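This one's a predicted model, so the numbers in the text were calculated from it and none came from an experiment.
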Amino acid sequence: MKYINDHLEEFFIIPLMFLMSIIIFLQVIMRYAFQNSLVWSEELARYLFVWLVYFAVSYTARREKHIRIDAAINIYPKKSRPYIEILSEIIVLAFSVFIAVTAVTVFHKITWSGQLSPAMRIPMQFVYAAPLIGFVLTAIRQIQCILRRIKALKNHEEVAKA
């Protein structure tokens, strides 16, 4: 379980990036060497990129590398900074839960509509599942981060990054 917890996002990010690169490379070769393009390649590369982005959001949350403004935290006294950082992580968690709940609604609407992708004719719910899964994972990673920060605060130590 520890291995899965430590590498879940990479398990998806690496193959997605590899596949996306191969597909785009094939499209370039087909277009410039054979003057013929693959109808499905750009669409598939776009959908792989969408999935890649949402797994990357979770990955950055796990690594605590998401965008933040350190100057805003540094204006507070050193004693209160850990509490401010926990508060900021709670705000990111709330945002993640909001997006995940909204994504459930969108996912159900797309599933109900039966919409298919234009070129590959795959059900669009597979594409719209990306924000749902990505932000559920992000919420889980935020909870882990908050718990890690609270534990470090109780033990009077620096937060160990995942």
What distance separates [X] [atom1] from [Y] [atom2], expressed to the nearest 0.5 Å?
{"X": "Tyr128", "Y": "His108", "atom1": "OH", "atom2": "NE2", "result": "15.5 Å"}
{"X": "Gln35", "Y": "Met30", "atom1": "CD", "atom2": "CE", "result": "10.0 Å"}
{"X": "Leu132", "Y": "Thr102", "atom1": "CG", "atom2": "OG1", "result": "10.5 Å"}
{"X": "Leu87", "Y": "Arg81", "atom1": "CG", "atom2": "CZ", "result": "15.5 Å"}
{"X": "Leu44", "Y": "Met20", "atom1": "CG", "atom2": "CE", "result": "10.5 Å"}
{"X": "Glu85", "Y": "Ile90", "atom1": "CD", "atom2": "CD1", "result": "12.5 Å"}

Check: Counting only heavy atoms not in Met124, do more than 12 fall under 6.0 Å of its CE?
Finding: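 For Met124, atom CE is crowded (more than 12 foreign heavy atoms under 6.0 Å).
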Check: Between His7 and Phe11, is the ring centre distance below 6.0 Å?
Finding: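 That pair fails the under 6.0 Å test.
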What pair of heavy atoms forms the shortest contact from [X] to [Y], and how long is it?
{"X": "Gly134", "Y": "Ser58", "result": "O-CB, 3.9 Å"}
{"X": "Ile23", "Y": "Ser41", "result": "CG2-O, 3.4 Å"}
{"X": "Leu38", "Y": "Gln27", "result": "N-OE1, 2.9 Å"}
{"X": "Val39", "Y": "Ala119", "result": "O-CB, 3.7 Å"}
{"X": "Arg141", "Y": "Leu8", "result": "NH2-CB, 3.9 Å"}
{"X": "Glu9", "Y": "Tyr59", "result": "CG-N, 3.7 Å"}

Check: Would you call the rings of Phe55 and Phe12 parallel, tilted or perpendicular if under 30° counts as parallel and over 60° as perpendicular?
Finding: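 It falls in the parallel class, under 30°.
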Note to self: I'd like to know if the side chain of Gln142 and the backbone of Glu89 have a donor-acceptor N/O pair within less than 3.5 Å.
What the structure shows: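 Yes, the answer is positive, given that a donor and an acceptor are paired below the 3.5 Å cut-off.
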Next item on the list: Please confirm whether the backbone N or O of Pro82 pairs with a side-chain atom of Arg149, one donor and one acceptor, at under 3.5 Å?
Entry: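 Pair absent, no side-chain N/O of Arg149 close to backbone of Pro82.
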Item checked: Distance-only polar pair, side chains of Glu43 and Ser117, donor-acceptor under 3.5 Å ->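 Their side chains do contain a donor-acceptor pair, which is all the 3.5 Å distance test asks for.
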Margin query: Just to verify, which of Leu93, Val97, Ile99, Val92 counts as forming a side chain to side chain contact (heavy atoms under 4.5 Å, CB included) with Phe95?
Written below: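 Going through Leu93, Val97, Ile99, Val92 one by one, the side chain to side chain contact (heavy atoms under 4.5 Å, CB included) with Phe95 is satisfied by Ile99 alone.
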Co-membership, hydrophobic cluster, residues [X] and [Y], 4.5 Å side-chain:
{"X": "Ile84", "Y": "Leu147", "answer": "no"}
{"X": "Ile14", "Y": "Leu137", "answer": "no"}
{"X": "Ile91", "Y": "Ile143", "answer": "no"}
{"X": "Phe126", "Y": "Leu116", "answer": "no"}
{"X": "Val53", "Y": "Leu19", "answer": "yes"}

Next item on the list: Would you indicate whether the side-chain heavy atoms of Ile133 and Trp51 approach each other to under 4.5 Å?
Entry: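 When only atoms from C-beta onward are counted, Ile133 and Trp51 do touch, with a gap below 4.5 Å.
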Note to self: Using side-chain heavy atoms (C-beta onward) and a distance below 4.5 Å, is Tyr47 in contact with Ile122?
What the structure shows: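 The answer is yes; the side chains approach within 4.5 Å.
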Notebook entry, point to check: Hey, is Glu10 close enough to Arg63 for a salt bridge, meaning N to O under 4.0 Å?
Noted result: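 So Glu10 does not pair with Arg63 through a salt bridge.
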Margin query: Between the side chains of Arg31 and Glu42, is the shortest nitrogen-to-carboxylate-oxygen separation below 4.0 Å, so that they form an ion pair?
Written below: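 Yes, charged N to carboxylate O under 4.0 Å.
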